[in-house]
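In what follows, a single structure is set out as structure tokens and then discussed.
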There are 2 protein chains.
Amino acid sequence: MPGGRPRAFDIDAALDLALEVFWRNGYDGTSVAELTAAMGITKPSLYAAFGNKEELFTAVLARYVEGPGAYAAAALDAPTAREVIERLVLGAVDLTAECPGCLTVRAVHAAGPEAAPVREAAVARRKAGETALRRRLERASDLPDGTDAAVLAALVHTVTDGIAVQAAAGRGRKELLRIAEQALTYFASSSSATLNTTDLAVSTGKAESPKNPLS
Amino acid sequence: MPGGRPRAFDIDAALDLALEVFWRNGYDGTSVAELTAAMGITKPSLYAAFGNKEELFTAVLARYVEGPGAYAAAALDAPTAREVIERLVLGAVDLTAECPGCLTVRAVHAAGPEAAPVREAAVARRKAGETALRRRLERASDLPDGTDAAVLAALVHTVTDGIAVQAAAGRGRKELLRIAEQALTYFASSSSATLNTTDLAVSTGKAESPKNPLS
DNA sequence: ATAGTAATGTACCGATGGGTATACAACTGG
DNA sequence: CCAGTTGTATACCCATCGGTACATTACTAT
């Protein structure tokens, strides 16, 4: 029954353009004027279609995980835990090398009380991804017995976050790749060398751990 | 010759107060009004003493590395590479757990052309720290032969960056510590298990891409 | 045709951003 | 006491911020 003037732009295409801007400049580093310029629409159109800047960002975030971030979900389908981790880490390099920085890493750093919903949305997305990884690792058969899947998932996440920061700090793709490979070498060496009884290395079985020498 | 009215506040104390604000909100998330409020001075005093917001930030950055960030330089004095790395990683936990996020990580994400000098200053500081670590690792005797000190230094830096992001994303100190310990376990296991190049860990050269499906 | 609806373009809103002009207050050397 | 100098306080500058009012345009249903 409803008529009305038809929208003169494609919602998803506009979201992709907005994504690019948010990706490069972060949430609070992006102005609505920049968004409308990039999207090729006017402010009233933006507000009519997406509500406001914050809602637009959460829509962009959803498109991000289904688009550029889809590799992460796909990585979980790899046959072994090691390959899952490898795909995640190398995928992080590809993702952040092409356009420095990671949308959720930037979003987590959004400042100010008015950006709180944005931070929370980003944290929720990150948590969901990490939980999925943890579940996948729990089902894995190629990890040493006693491996704490939650901690390992968090560590992998930490490494990919670090890669994103390194990319944002100007590190080029080649360097990022070497860092990623080095990290994977460490992961793999532990994974295959469970019996590699080194003096202090193998606390793998226990959550008990090295002591903290710092305050 | 020169007289003049004496400054009514202490420069270093003011810098510390500014540091706290920048730390919590990042460079472009912090307004001059917030700064003056926190520092207990007026805008003209701030501009007279520090030049402008950007110069104030670089001064704060210098104080950061000599203050809260001093643990990083001190860590290099540890007797072994392993202990150096341990101190750096655990130090990152302490640093970022108390006040979520890392000043330089945030600064690297500062947006806009006018923040370019800030980004560059942060990148320079980070690079200097990493170079110092690399030099220290080159002198170490407890690393496997053939270890690439530059890559290892970059990886450690990547992990500490990741920890900062995790802290900013709301991870608590206890969790951060477990992640850090897990990372150290991997480092240690390889450190004794020389060049444990496992079969597959390296799909290396391939730029096989998750690829960005969006325009 | 005409009524109803929804998107568009222009032009604007108050609030806040970084930064400053100007007048005054507090110190120094003569 | 006075000139020179330098920090402080009030009050203001313009640009930009996120968000909107309003009149207009383009469509559907009757």
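Throughout, a chain's letter reflects where its sequence line sits, starting with A, and its residues are numbered from 1.
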Exercise. Any side-chain hydrogen bond (donor to acceptor under 3.5 Å, both in side chains) involving residues 44-58 of chain B? Give me the pairs, sequence neighbours left out, ordered by first then second residue.
Key: Thr42(B)-Ser45(B)
Quiz prompt | Positions of residues 10-23 of chain B (non-hydrogen atom under 4.0 Å from DNA chain D), listed by number | solution = none
Quiz item: Does Arg136(B) have any side chain to side chain contact (heavy atoms under 4.5 Å, CB included) partners at least two apart in sequence or in another chain, and if so, which?
Solution: Leu76(B), Val84(B), Arg139(B), Ala140(B)
Exercise. Could I get the full list of side chain to side chain donor-acceptor pair (under 3.5 Å) partners for Arg119(B), not counting sequence neighbours?
Key: none
Quiz item: If you measure only the distance, is there a donor-acceptor pair under 3.5 Å linking the side chains of Gln182(A) and Thr185(A)?
Solution: no
Quiz prompt | Residue list, side chain to side chain donor-acceptor pair (under 3.5 Å) with Asp16(B), at least two apart or on another chain | solution = Arg63(B)
Quiz item: Which pairs, with at least one residue in residues 68-78 of chain B and sequence neighbours excluded, count as a salt bridge (Lys or Arg N to Asp or Glu O under 4.0 Å)?
Solution: none
Quiz item: Quantified as the angle between the terminal helix axes (five pairs each), what is the overall bend of the helix from dA1(C)-dT30(D) to dG30(C)-dC1(D) to 10 degrees?
Solution: 0°
Quiz item: Under the salt bridge (Lys or Arg N to Asp or Glu O under 4.0 Å) rule, what pairs show up with a residue in residues 107-118 of chain B, not counting sequence neighbours?
Solution: none
Quiz item: Taking NZ, NE, NH1 and NH2 as the nitrogens, is one of them in Glu130(A) or Arg171(B) under 4.0 Å from a carboxylate oxygen of the other?
Solution: yes
Quiz prompt | ring pair (Phe, Tyr, Trp, His ring centres under 6.0 Å) against Phe57(A), all qualifying residues, sequence neighbours excluded | solution = Phe22(A), Tyr27(A)
Practice problem: Sort out for me which residue in Ile179(A), Val159(A), Leu88(A), Leu90(A) forms a side-chain contact (heavy atoms from CB on, under 4.5 Å) with Leu184(A). | Solution: Leu90(A)
Quiz item: Of the residues in residues 103-123 of chain A, which ones touch DNA chain C at a heavy-atom distance under 4.0 Å?
Solution: none
Quiz item: Reading nucleotides 7-18 of chain D 5' to 3', which nucleotides get B (base under 4.0 Å from a protein heavy atom), which S (sugar-phosphate only), which -?
Solution: BSBB------SB
Quiz item: Partners of Arg126(B) by side chain to side chain contact (heavy atoms under 4.5 Å, CB included), sequence neighbours excluded?
Solution: Val165(A), Gln166(A), Ala169(A), Thr104(B), Val105(B), Val108(B), His157(B), Asp161(B)
Quiz item: Does a salt bridge link Arg134(A) with Glu138(A), judged by any charged N lying under 4.0 Å from a carboxylate O?
Solution: yes
